[in-house]
Amino acid sequence: MSPELSIAEEQPCPGTSHWRDLHDRVMMPNYAPLSMVPARGQGAWLWDDAGNRYLDFAGGIAVSALGHANPELVEALANQARKLWHVSNILTNQPALELARKLIDATFADKVFFANSGSEANEAALKLARRVAQDRHAEDKYEILAFENAFHGRTFFTVSVGGQAKYSQGFGPNPPGISHLPYNHSQAVLEWFEKHGDRACAVILEPCQGEGGVTPATREFVDTIRDCCERYNALLILDEVQTGMGRSGALYLHEKLGVVPDILTTAKALGCGFPISATLTTDEVAEHLAVGTHGSTFGGNPMACAVAGKVIDIINTPEILNNVDQRSEQLVAGLDDISRRYHLFTEIRGIGLLLGCVLVEQYAEKARDLMTLCNECGLLTLVAGPGVLRLAPPLNISESEIAEGLARMEEAVARFVQSAEPSS
Ligand SMILES: *Cc1c(COP(=O)(O)O)cnc(C)c1O
């Protein structure tokens, strides 16, 4: 370990917080949070209540795309908070309409439905696709094609459509009419459509799987799916909950893939931490979501929409999108360098500032151990499955902050390689 990486004077001491102990006593046990409990944030940094500072390459799971306590977002929220919080959907509101207009102007879409989470945006997309197929075609045209390792949310429908059995099993019978195929396997898609195409209602996929391992779709795979959807009158739903809002260096990743969906879902970074999601589609599809067919009490609430409107103004600019490309290059180069010297990763994959570092075979189950060590070295990271360390720093992160993150990562990696000596 090189001596010039002296971050020792700033070595966090996690585990001191009584808050983490309280968690285990008062919260349902479905989460296992790290020992550090953040007390405040600023930009790419978080502080715990002992004053330890952490560089945040997790971003609340690819949400805090403009960093913590972004002054422009704080102002947008505070201004709206003084005016109007909530009206429900028995009334419309100005921030929601302005946000809808901005999303439409920036994408293929003509119409928007607002909800509060990625799951709800996908739930709406899937219900809408089923409704379209019933209205236009036949009662039995309800098959949804999804992919192994996909993640689309935690409601019962979306978790059933997701491709990870460990999340969807153990809750009784799943909703019927859902198939899963291997991701990036065009031949399997062609064969499925030959057999089931007449009953196909929609295909849903992430253009880069996030939770499932940070695996980008190939252009050929997406083209094949788009083609099949045309031929068999099925809708293409792109779940850009994680890849959207600038994460890829484009506002939405499908722009880079050159494919246009029928329905697009977006959430996570849309509110940069204020809960909001949107389901976007064309006029022809939208008309099937007639009055009363779907709804949400909080969806499109003025506070969330005021924040998201400002988020789009900031993110959908060359300044931010170019920074994503440049910082991505810098981060990948630094990770490659660490990997070479410590023989750690088989590849660094992903899009823009959503990166997956795939651990070599001997560490294939140890991503969480590495994440914990990163945390101890003052760097917050994520995992995507047992063998992939996932990074999602803010899109406006600086060159020196990326360099600092890499230094902290190297410190963690050195400890990791030492503590995780292969058993053979
Ligand atoms: C996070 C995520 C979801 C679920 O979003 P929630 O806000 O947790 O409901 C759905 N799809 C993808 C691709 C995601 O990354």
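Each ligand, and each atom within it, is numbered from 1 in the order the structure gives.
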Engineer: By the ring-ring contact (aromatic ring centres under 6.0 Å, His included) test, which pairs, at least two apart or in different chains, include something from residues 271-318?
Structural biologist: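 Listed once each, the pairs are His86-Phe298, Phe113-His294.
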Engineer: What salt bridge (charged side-chain N to carboxylate O under 4.0 Å, His left out) pairs are there with at least one residue in residues 205-222, not counting sequence neighbours?
Structural biologist: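 Salt bridge (charged side-chain N to carboxylate O under 4.0 Å, His left out) check on residues 205-222 returns Glu211-Arg390.
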Engineer: Under 3.5 Å, sequence neighbours excluded: what are the donor-acceptor pairs made by side chains of residues 61-78?
Structural biologist:
unit_1	atom_1	unit_2	atom_2	d
Ser64	OG	Gly59	O	3.4
His68	NE2	Asp56	OD2	2.7
Asn70	OD1	Glu72	N	3.0
Asn70	OD1	Leu73	N	3.3
Asn70	ND2	Leu66	O	3.2

Engineer: Anything under 30° is parallel, anything over 60° is perpendicular, the rest tilted; go ahead and classify His254 against Tyr252.
Structural biologist: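 Plane angle under 30°, so parallel.
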Engineer: Could you tell me whether Asp135 and Lys141 make a salt bridge, using a distance below 4.0 angstrom between a side-chain N and a carboxylate O?
Structural biologist: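 Salt bridge absent between Asp135 and Lys141.
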Engineer: Strictly under 6.0 Å, is that where the ring centroids of Phe416 and Tyr342 end up?
Structural biologist: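 When the ring centroids of Phe416 and Tyr342 are compared, they turn out to be at least 6.0 Å apart.
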Engineer: Give a table of atom pairs where an N or O of ligand 1 lies under 3.5 Å from a protein N or O.
Structural biologist:
unit_1	atom_1	unit_2	atom_2	d
ligand 1	5 (O)	Gly118	N	3.4
ligand 1	7 (O)	Gly118	N	2.8
ligand 1	9 (O)	Gly118	N	3.4
ligand 1	9 (O)	Ser119	N	2.7
ligand 1	9 (O)	Ser119	OG	2.5
ligand 1	11 (N)	Phe151	O	3.2
ligand 1	11 (N)	Asp239	OD1	3.4
ligand 1	11 (N)	Asp239	OD2	2.8
ligand 1	15 (O)	Gln242	NE2	2.7
ligand 1	15 (O)	Lys268	NZ	2.6

